[in-house]
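To find a chain, count down the sequence lines: A is the first, B the second, and so on, and within it residues start at 1. Everything numeric here is computed off the predicted structure, so don't read it as measured data.
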2 protein chains.
Amino acid sequence: MEKRSQYHHGNLGQALIEAAVALIAQHGVAGFSLREAAAHVGVSPSAAYRHFSSKEDLLNAVAMDGFQRLALQMEHATAEARSLNPESPALAAFQALGLAYVTFAVNNPLHFQVMFGMPLQAEPRTEETSPYQLLQAALDDLVAEKVLAVEDRTGAELYTWSVVHGLAGLLTGGAICLSDGGITEIFNSLVPRILAGLCSAGNTILRGSAPPFVVETHLAEGCQSLKS
Amino acid sequence: MEKRSQYHHGNLGQALIEAAVALIAQHGVAGFSLREAAAHVGVSPSAAYRHFSSKEDLLNAVAMDGFQRLALQMEHATAEARSLNPESPALAAFQALGLAYVTFAVNNPLHFQVMFGMPLQAEPRTEETSPYQLLQAALDDLVAEKVLAVEDRTGAELYTWSVVHGLAGLLTGGAICLSDGGITEIFNSLVPRILAGLCSAGNTILRGSAPPFVVETHLAEGCQSLKS
DNA sequence: AAAAAATGTCAACATTGCTCACATGGAAAA
DNA sequence: TTTTCCATGTGAGCAATGTTGACATTTTTT
C-alpha cells in the first residue's frame with residue numbers, strides 16, 4: 001500500500017505500529033495478523049521481526065502508542081478546559097480529563113482494548129507523561145483549589161480511575177451502547193455522582209469497620225459543584 | 001483427558017466449554033485454540049463444529065457460562081450477607097454484590113476478559129438471572145429500605161456498575177495489582193465513596209434487560225458541565 | 001576500500017480455523 | 001424386530017498464520 005523506492009524502509013517499526021493500529025481498528029484484535037500488517041506496509045512478513053520479537057511484542061508497542069495518544073488528548077482537553085473556565089480551572093480540568101478518557105475509549109474501542117487487554121511490561125517510561133500521572137496532577141490541583149479536601153485525597157486516584165475506566169470498559173466492551181446522546185451527555189450525567197464520591201471520603205461517616213458500612217452523612221460540604 | 005468408551009460423547013458441547021474455560025485460564029484468550037480444546041476432551045477437531053459454528057461462537061458460549069457463574073456467586077453472596085445482617089439487609093446485600101463482582105474478576109481474570117472483551121450477541125436469556133438484573137434488584141431494595149432516595153435511583157445502575165466494573169477491569173488488565181491487602185480490603189476502602197456517589201442525584205437511565213443496554217441521558221439542572 | 005552491522009527477502013515448518021466426504025450409533029418409523 | 005434416518009463423530013486437506021533460518025542488500029564503521 002505504501003510506496004517504497006528504496007530497499008530499506010526508513011522507519012519500519014513505527015510504520016508497522018501505525019498499520020497495526022489501523023488494521024485492528026477494522027478487524028479487531030483477534031482478526032489482526034502480523035503478515036497483513038507487513039503486507040500493508042509493503043514489506044515481507046519476516047521483516048517485522050527485525051523490529052519486534054513477536055506478534056505480542058508488536059501489540060505491546062501498539063498499546064504503548066495508545067497510551068501516548070490518550071495522554072496527549074487528555075493533556076489537550078485539560079488545557080482547553082482550564083483556559084475556558086478561569087473561575088475554577090482545576091475542577092474543569094478534572095472533568096475534562098475524565099471526558100477525554102471515555103471519549104478516547106469510545107472513538108478507539110479496539111485500540112483501547114489492546115491497551116488494557118493484558119498486563120504489558122512497559123519500559124520505565126521516563127520522559128513520557130502517562131494518563132495516570134495526569135490524573136494525579138489533576139487531583140492535586142483540586143486540592144490546591146480547595147475543591148477537594150486533603151483528607152479526601154487519599155485513594156482518590158483509585159476511585160476516580162475506576163469509575164471512568166469502568167464506563168469506558170462497558171462502552172467499548174459492548175455491554176452498554178449509547179443511543180441518542182453522545183458520550184458527553186452520558187459522562188456529564190455521571191459527573192455529580194463522581195464528584196460526590198470524590199469529596200466524601202472524609203465527610204462520610206460510616207458506622208462499622210467491616211461491611212456492611214452504614215452511611216450517616218451523605219453529601220459533603222466542600223463539594224461545590226453539586227450546589228447549582 | 002476424559003474417558004470415553006462410547007463413540008458419542010454424550011454432552012460434548014458443555015465439555016468443550018469447560019475445557020475452553022480451563023485452557024483459557026492457563027494460556028489466555030490469545031493462546032487458546034479450538035483444536036487444543038477438542039484434543040483435551042479427546043475428540044477430533046471437526047467434532048467441535050457440530051456444537052459451535054466457529055471458534056468465536058465457542059468463546060461466546062464461554063462468556064455466557066461466565067455470566068452464569070458470576071450471577072450465581074453474586075446471588076450466593078447477597079443471600080449470605082442478607083442473613084448475616086438483619087438490621088439492614090439491603091445495604092449489606094448491595095455491598096456484597098459489588099465485592100462478589102470484583103472477586104470473581106480477580107479470581108478468573110481471563111474468563112472475565114472473555115466476558116467483556118467483545119460485544120456478544122446473547123440469546124434473549126429468558127430464565128437466567130443476569131448480573132445486571134441482580135444489580136437492579138439490589139438497588140430497588142435499597143430504595144425500599146430507604147437507604148437510597150427515590151430521586152437518586154435514576155441512573156444508579158450505570159454509576160454503580162461503572163465503579164465496580166472499572167475496578168475489576170483495572171485489576172484483571174494488570175493496570176493495578178493488589179499488594180498486601182486482598183481484594184476485600186481494597187473494595188471496602190472504596191465503599192464509602194461508592195455509597196456517597198450513589199446517594200447523590202443522578203439522571204441516567206439504562207434501557208433494556210440484556211446487553212447491549214441503551215443509555216438515555218437527561219442533563220440535570222445542577223450539573224456543572226463543561227463549556228465547550 | 002573492506003569489514004561489520006543493520007535491515008530486508010525467500011523458503012519452509014508447525015499450528016490453526018475451517019470444510020469436505022464419509023463413518024457410526026442411537027432413536028424413530030416401518 | 002428390522003430398517004431408516006439423523007445427530008454426532010472421524011479423517012484428510014486447504015489456506016492462513018507465527019516464527020525461524022539462510023541468504024541478499026544497504027548503511028555504517030574502520
Side-chain angles (χ1 to χ4, degrees), chain A residues 1-63 110 113-114 117-118 120-121, chain B residues 1-63 110 113-114 117-118 120-121:
Chain A
M1 302 299 179
E2 296 268 341
K3 277 191 181 178
R4 194 168 51 86
S5 54
Q6 302 176 353
Y7 183 88
H8 283 73
H9 181 280
N11 195 1
L12 182 55
Q14 190 60 32
L16 281 173
I17 293 181
E18 290 171 9
V21 168
L23 289 176
I24 288 175
Q26 292 179 12
H27 316 108
V29 198
F32 166 73
S33 80
L34 198 140
R35 292 176 105 108
E36 192 182 1
H40 199 268
V41 177
V43 110
S44 150
S46 14
Y49 287 85
R50 301 291 176 188
H51 301 261
F52 305 99
S53 64
S54 65
K55 179 185 182 181
E56 188 188 356
D57 192 29
L58 172 57
L59 288 179
N60 224 313
V62 169
L110 297 160
Q113 285 184 351
V114 176
M118 261 323 261
L120 51 98
Q121 67 284 12
Chain B
M1 306 309 175
E2 297 266 342
K3 277 190 181 177
R4 196 168 50 89
S5 55
Q6 302 175 353
Y7 183 89
H8 283 73
H9 181 281
N11 196 359
L12 182 56
Q14 189 62 31
L16 281 174
I17 293 181
E18 290 170 8
V21 169
L23 289 176
I24 288 175
Q26 291 177 14
H27 315 109
V29 197
F32 167 73
S33 78
L34 199 140
R35 292 175 104 108
E36 191 182 0
H40 199 268
V41 177
V43 110
S44 151
S46 14
Y49 288 86
R50 300 291 176 187
H51 300 262
F52 305 99
S53 64
S54 67
K55 179 186 182 182
E56 188 188 357
D57 192 29
L58 172 57
L59 288 179
N60 224 314
V62 168
L110 296 160
Q113 285 184 350
V114 175
M118 262 324 263
L120 51 97
Q121 67 285 15

Tell me if the side-chain of Ser33(B) makes a donor-acceptor pair with the base of dG17(C), cut-off 3.5 Å, by modelled atom types. no
The side chain of Tyr49(A) is closest to which nucleotide in this list: dA12(D), dT9(C), dT19(D)? dT19(D)
Length of the CZ-C1' vector between Phe32(B) and dT15(C), whole Å: 14 Å
dist His51(A):NE2 -> Leu58(A):CG (nearest 0.5 Å) comes out at 11.0 Å
Considering only side-chain heavy atoms of Arg35(A), which listed nucleotide, dT9(C), dC20(C), dA12(C), is closest? dA12(C)
Rounded at 0.5 Å granularity, tell me how far CG in Leu110(B) sits from CZ in Phe32(B). 12.5 Å
Taking only N and O in the side chain of His51(A), is any of them less than 4.0 Å away from OP1 or OP2 of dG8(C)? yes
Could you grab the distance from atom CG of Leu23(B) to atom OG of Ser33(B), nearest 0.5 Å is fine? 7.5 Å
Figure out the CG/C1' separation between Leu23(A) and dT17(D), and round it to whole Å. 14 Å
Which whole-number value in Å describes the distance from Arg50(A) CZ to dA22(D) C1'? 10 Å
Nucleotide nearest Lys55(B) when distance is taken to its side chain, options dG17(C), dA12(C), dT8(D): dG17(C)
Side-chain donor/acceptor of Ser54(B) to base of dC18(C), under 3.5 Å: no
Please tell me which of the listed nucleotides, dT20(D), dC18(C), dG8(C), lies nearest to the side chain of Leu34(B)? dC18(C)
Output the single nucleotide from dG8(C), dG13(D), dA11(C) whose closest atom is nearest the side chain of Leu12(A). dG8(C)
Nearest 0.5 Å please: distance from the CD atom of Glu18(A) over to the CG atom of Asn11(A). 8.0 Å
Protein-nucleotide distance (Glu36(B), atom CD; dT17(D), atom P), rounded to Å: 21 Å
Between C1' on dT7(C) and CG on Leu16(A), what's the gap in Å once rounded to a whole number? 12 Å
Could you grab the distance from atom CZ of Arg35(A) to atom OG of Ser46(A), nearest 0.5 Å is fine? 8.0 Å
Measure from CZ on Phe52(B) to P on dT19(C) and round the result to the nearest Å. 15 Å
